[in-house]
Amino acid sequence: MHTTATHCPYCALQCGMNLRPAAGEAGESAVEVVEREDFPVNRGALCGKGRTAPALLSSRVRLTEPLIRTHATGTLEPATWEEALDAIAEGLGRTRRAHGPDAVGVFGGGGLTNEKAYALGKFARVALGTSQIDYNGRFCMSSAAAAHQRAFGLDRGLPFPLEDIPRTGCVILVGSNLAETMPPALRYLTELKENGGTLIVIDPRRTRTAAQADLHLAPRPGTDLALALGLLHLVVAEGHTDEAFIAERTTGWEEARAAAMAHWPELVERITGVPVPRLREAVSMFCTPSSAMVLTARGPEQQAKGTDTVSAWINLCLATGRAGRPHSGYGCLTGQGNGQGGREHGQKADQLPGYRKLTDPAARAHVAAVWGVDPDSLPGPGRSAYELLDALGGDVRALLLMGSNPVVSAPHASRIEDRIRSLEFLAVADVVLSETAALADVVLPVTQWAEETGTTTNLEGRVLLRRQALTPPPGVRSDLHVLHGLAARLGIDKGFPEDPEEVFAELRRASAGGPADYSGISYRAIEEHQGVFWPCPEDTPGPGTRRLFLDRFATDDGRARFIPVAHRESAELPDADYPVLLTTGRVVSQYQSGAQTRRVPELNAAAPEAFVEIHPRLADRIGAVEGAPLAVTSRRGRAVAPARITDTIRPDTVFMPFHWPGEGRANTLTNPALDPVSRMPEFKTCAVRVEPADAAAGS
Ligand code: SF4
């Protein structure tokens, strides 16, 4: 039987899988997943999300025809593609004519392929002329990206392949729960331990990942910046710095050292709740072997000080010579399927393709030449994701949204839902009628991963190819078709092809010479090498650059930069009215806003609703009962979900997963306080009140 080698539609591990025709009943998926053991990242292993991904291809709940909201009834009614595209072009064009190009916004997603992300960024800047474009990847790992940039001069999530992890001596995993977010990646940690390496996990919860650690540190949410500084203090005090590495390959050590020395261990214990002996143990485990790594994820990044927090972890690596060397270094575990590629090619508010800066005249000239436009016609940087969503219904009056569901996934989601409702015009392209699509004036049904060809870039910076495996249902078209059709209606006949390989060829030219240089990558080379690591310039085609920084960092002088940082409190602290901390995260059977996975019966049965994880001592104090509804209230709103009483969480903290709408929507509560550098919101900590829902209703 003919099989198609492809990749999972969900997270940034981008597990390889084969799809083959399925001999199922009518109404069942036309393809099924079979193991693809030759792909090195997951070697055939998949989590439940990947295994069940075909279910949505044939699901009755997927969208298969465009919808337009009628004035007469206010409901969404079936329409033809011509009518729907005409209505969007009219809605966006009318707003642009009346209020200027920046009155039209564009919001993308970290799940879009590189080709779509590139085309969407170009569409915003060339066809609409708006600066108001950003994407939900801003919520995923932009703080790590910013910290990467300022320390190393380049942002690639992991500067080394995952296969290096088992070869190092010690891994500090900060704010990552791989057992739930990307289970096949756990094997790298298992192999690390089998090889004699050690694992330190830093997480306020004793997660299934933390349970496998040699040492688990559980700081109070929002204090891991202080924790990293305390470890660096001890590194200096106990003589573990690598002076030769610092002298030869870094700058700025004296300032960073002075900042760390102000964070003595007893102070750090008071801030974080982690005892000094545990801090010493961590330093000994990290510094004793000849190589070590720090890997961060959303825990340290989704904070109003996320960039500084990641910088503190990078400083720890630099001071101990654990960067730019084989089997050592700092890396970020990107979350979204194409979170990495999505920010490299132009859907981020401040970037042009190739990870070029929109404010750089040379970058503007290069990309404008590829696009055949005057560099002066390109708008400047726009607002970040939350700021853009918050401006909807104000000076941004119309929005085109692709592959995102901010009604569930944005912080302070009730406010964002209100902003979206107040738009004069909203168009959404999606595969299902998500909570956001349900508010639209026009909804376009678009192809899913297995029905189209395109590239993604996984968390290692490995560019991958998904080949089309089956024909989409009649009535469903690709996002590239949408942009082609809209551009034509806005008067631009060229430059928005529907063929993904043609878009990729242009992306390669636009990225040539930029930091994320894809010019030497072709679809054929990706298949030949099991993915190509960027940068891959045109004059050195092949497997690309697997390991970065071994000879020099990507800064002007080739040296990594220490960034002096100091502890500061979270934007919101517990007080008498809101005495408990809330932290949020994911569960293994759901993905992001759940728009897709909540519609897969097997996944939904495994994780059907939100819950509130609460420590027995706190549960006793407030009278919480296992399984009974708890009301969680923050300054922004109230959510209700059943209690899960467990001693794996700190007594001062509750946890909620964020995949559901309605009364269990965790993002009703979260704080949109933004990091000043990355503009990433503080999803990971806010102050709440927790009480049995019945008592809360009666009070
Ligand atoms: Fe898909 Fe991620 Fe699961 Fe792999 S770990 S199967 S990429 S969701």
Side-chain angles (χ1 to χ4, degrees), residues 4-19 29 31-57 109-114 136-137 140-141 157-158 161-163 165 173 176-190 207-209 295 297-298 332-342 403 409 431 448-450 454-467 469 530-531 585-600 602-604 606-607 657-659:
T4 306
T6 187
H7 296 272
C8 173
Y10 298 114
C11 84
L13 201 57
Q14 284 295 284
C15 291
M17 58 170 65
N18 285 318
L19 293 180
S29 179
V31 290
E32 62 185 1
V33 171
V34 284
E35 288 179 1
R36 180 180 166 193
E37 296 194 348
D38 65 315
F39 186 62
V41 171
N42 61 309
R43 294 185 215 151
L46 296 168
C47 77
K49 296 186 289 286
R51 252 188 320 99
T52 58
L56 204 57
L57 295 166
L112 299 180
T113 61
N114 290 321
N136 62 17
C140 175
M141 47 80 64
L158 291 179
L162 285 161
E163 71 199 38
I165 292 175
L173 188 64
S176 166
N177 184 7
L178 286 177
E180 302 270 350
T181 55
M182 43 182 76
L186 264 190
R187 79 169 164 86
Y188 293 102
L189 301 179
T190 307
T207 60
R208 289 204 285 132
T209 311
L295 304 176
R298 307 300 81 73
C332 159
L333 298 166
T334 300
Q336 292 174 297
N338 196 31
Q340 178 75 47
S409 63
V431 300
Q448 297 187 46
W449 57 290
T455 62
T456 61
T457 305
N458 83 345
L459 75 178
E460 305 167 286
R462 188 194 297 249
V463 184
L464 302 166
L465 181 64
R466 291 187 195 148
R467 283 272 185 207
Q530 299 280 26
R586 288 171 48 187
V587 297
V588 68
S589 295
Q590 298 287 357
Y591 180 70
Q592 307 297 59
S593 79
Q596 293 147 282
T597 49
R598 281 186 276 115
R599 291 170 169 86
V600 175
E602 186 178 330
L603 300 176
N604 210 43
F658 58 72
H659 310 289

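In this chain, numbering begins with 1 at the start of the sequence shown. Fair warning: this is a prediction, and the values are worked out from it, not measured in the lab. Remember, it's 1-based here, ligands and their atoms both numbered in the order they're listed.
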### Query
Rounded to the nearest 0.5 Å, what separation is found between the OG1 atom of Thr597 and the CD atom of Glu602?
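Between Thr597 OG1 and Glu602 CD, I get 12.5 Å after rounding to 0.5 Å.
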Exercise: identify the closest heavy-atom pair between [X] and [Y]:
X      : Y      : result
Cys11  : Arg586 : CB-NH2, 4.5 Å
Arg51  : Pro54  : O-CD, 3.7 Å
Asn458 : Gln14  : CB-CB, 3.9 Å
Met17  : Gly50  : CE-O, 3.5 Å

### Query
Have Gln336 and Asn136 got a donor and an acceptor in their side chains that come within less than 3.5 Å?
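Yes, because at least one side-chain N or O of Gln336 sits under 3.5 Å from a partner of the opposite role on Asn136.
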### Task
List nothing but the number: protein N/O/S atoms under 2.8 Å from atom 2 (Fe) of ligand 1.
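Atoms of protein N, O or S type lying less than 2.8 Å from atom 2 (Fe) of ligand 1 total 1.
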